[in-house]
Each structure stands twice: as structure tokens, then as C-alpha cells.
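A quick write-up on the structure given underneath.
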Amino acid sequence: MSFKLKKSSIPNYLTILRIILVPIIIAFTCCNFGPILYYSTLPNTEIKQPFYLSWILAGILFIIASITDFLDGFLSRKFNWVSDFGKLWDPIADKILINSILIIFAGANPNRAMTVYFIIPVLMIIRDTIVDACRMYAASKGIVVAANIYGKMKTFTQIIAIALIYFLYAWNFAYASTNIWWWLVQNLFMWISLFLSLLSGSIYVYRITKQLKVNK
């Protein structure tokens, strides 16, 4: 029996690949295995901060996973390769990828570079839950509301923020922990993505609520 790849299914395979990459990225981020690339001494202490090759690998895989997110959406729109599987699992794959990494960063030891304020993933997950609940309720009433531009901007800034933590902030942790500009580089994009997340979610819920009132 031969296996033939359908071109129209490529976006779905990219979505599946993104989901498969998530546990690998988590393992590379959490387990700190492989060679230590270098040590940096924490300011005013003798504590040495090791930087593992596994963190670089996690960052590279995260970028690859983010590219699959862009590609499956681009191919679906350009060639109309839209499927029920993609409609369901593409946004789920995005949330699994972003939220799982943010949770790990938020739970990181304060002495480690990859640290995010815990309130950011908490509010983002609450927002996603509310939006998904509204979307499912609206769909049961035959109402479909398109995503707004702020949602796409939110995803873009999230990707930038996470990539910066993997490749820039963590690599220069000893310097960054005592320099306000390095702190801003990491946290500014995180707070911007949180603002865009709450803004896009509020707009989406408002539009659904307005449409439900019209259809009554």
C-alpha cells in the first residue's frame, strides 16, 4: 500500500507537526541536558549561571514551530486548502505552543534568565478560554465572527518575546539582570502581547455579543 500526500492536507500536517514539537521544546527547556556552552557569574555573587545547549535547541524548535503556524495559514488562504480539522486544531495548536512555554517561563527560578511574570500567562489563558467559549456558543447559533487584526499582532509579539528570551536575554543573563534596557527588551514585548491579547479578546466578545442581540 503506497502513501500519497495530498497537497490540500499540507496545512493539517504542519499543524500536527507543531503539536508534536511542543513536548520536545518543553523537554529541551526544562531538562537542561547536553553540553554547557558557558557560565556567567551573577552580579555581586559567586553564583555561576550555566547556559545549556538544550536552551538553544529549544529556541530553534520554537522558531520552526512558529514558522509552521505562518505557513499553514498562508497555504490555506492562498490555495483554499481549508478543512474542518484545520479550523479546529490550528488555533488549539497555537495555544498549546505559546501557553505551555509561557507557563514554563513564569515558573522558572528567579535566578534563571527565562522568567516571565506569572500574571501574563494567567490572563492570556483566561482570555483564550472566554473567547473559545463565546466562539462555540456563537457557532451553535450559526454565527461566525472573523478574528481581528489585533489577534494576529498579539501572536506576532508573543513569538518575538519568547524568541528574545531564548536567544538574547538568557544568553546575556548576567548583564541583563542589572541593566534596565535588557529587562525592557524581554518584558516590553510580553506586556505588549498581553495588552493586544486582552484587546483582541474584548473586541471579539463584543462583536459576538452584538451579533447575538441582532439575531434575537
Side-chain angles (χ1 to χ4, degrees), residues 10-43 45 47-74 89-125 128 154-177 179 182-194 197:
I10 292 178
N12 294 341
Y13 293 127
L14 291 173
T15 297
I16 294 172
L17 174 61
R18 189 155 68 256
I19 295 174
I20 293 174
L21 286 175
V22 171
I24 302 175
I25 295 171
I26 292 174
F28 279 16
T29 303
C30 294
C31 295
N32 301 341
F33 60 86
I36 296 176
L37 299 183
Y38 79 100
Y39 287 95
S40 62
T41 303
L42 301 186
T45 71
I47 301 175
K48 289 188 175 182
Q49 169 76 17
F51 190 79
Y52 292 84
L53 175 62
S54 59
W55 295 352
I56 288 293
L57 295 177
I60 292 172
L61 290 177
F62 171 74
I63 294 298
I64 293 173
S66 300
I67 292 174
T68 67
D69 181 23
F70 166 78
L71 281 178
D72 65 24
F74 172 78
W89 284 101
D90 180 57
I92 292 176
D94 297 342
K95 292 178 178 63
I96 292 174
L97 174 66
I98 297 295
N99 290 337
S100 60
I101 293 176
L102 289 181
I103 290 171
I104 292 173
F105 286 173
N109 188 299
N111 288 331
R112 285 180 50 181
M114 294 183 291
T115 303
V116 169
Y117 290 106
F118 75 92
I119 194 63
I120 293 178
V122 168
L123 291 177
M124 286 183 176
I125 292 172
D128 290 343
K154 176 261 298 183
T155 302
F156 181 70
T157 53
Q158 285 175 331
I159 292 172
I160 291 178
I162 293 174
L164 284 173
I165 294 175
Y166 271 128
F167 294 111
L168 186 60
Y169 189 81
W171 186 267
N172 296 277
F173 174 72
Y175 176 71
S177 60
N179 188 286
W182 281 91
W183 182 89
L184 282 174
V185 164
Q186 177 201 7
N187 288 278
L188 184 60
F189 279 101
M190 278 296 175
W191 287 110
I192 290 175
S193 67
L194 175 61
S197 177

Just verifying a value: how many Å separate [X] [atom1] and [Y] [atom2], rounded to the nearest 0.5 Å?
X: I159; Y: I67; atom1: CD1; atom2: CD1; answer: 9.5 Å
X: L194; Y: Y117; atom1: CG; atom2: OH; answer: 13.0 Å
X: L71; Y: T15; atom1: CG; atom2: OG1; answer: 10.5 Å
X: I20; Y: I25; atom1: CD1; atom2: CD1; answer: 12.0 Å
X: I162; Y: Q158; atom1: CD1; atom2: CD; answer: 6.5 Å
X: I19; Y: D90; atom1: CD1; atom2: CG; answer: 9.0 Å

Worksheet, complete the sentence: Exactly one candidate in L97, I104, I98 meets side-chain contact (heavy atoms from CB on, under 4.5 Å) with I101; the answer is L97

Practice prompt. Look at the aromatic rings of F105 and Y166 and report parallel, tilted or perpendicular, splitting at 30° and 60°.
Written response: perpendicular

Practice prompt. State, to 0.1 Å, how close R18 and A65 come at their nearest heavy-atom pair, and which atoms those are.
Written response: CD-O, 3.2 Å

Discussion item. Give me the atom names and distance for the closest heavy-atom approach of W55 to T29.
Written reply: NE1-O, 3.3 Å

Practice prompt. Could you tell me whether a side-chain N or O of S197 sits under 3.5 Å from a main-chain N or O of S193, the two making a donor and an acceptor?
Written response: no

Practice prompt. For Y13 and D72, run side-chain contact (heavy atoms from CB on, under 4.5 Å): C-alpha distance rounded to whole Å, both residues' side-chain angles, the deciding distance at 0.1 Å, then the answer.
Written response: CA-CA 9 Å; Y13 293 127; D72 65 24; over 6 Å; no

Worksheet item: Quick one: does L21's side chain get under 4.5 Å of F62's, heavy atoms only?
Response: no

Worksheet item: Going through the distances and angles, do I63 and F167 end up as a side-chain contact (heavy atoms from CB on, under 4.5 Å)?
Response: CA-CA 11 Å; I63 294 298; F167 294 111; 3.9 Å; yes

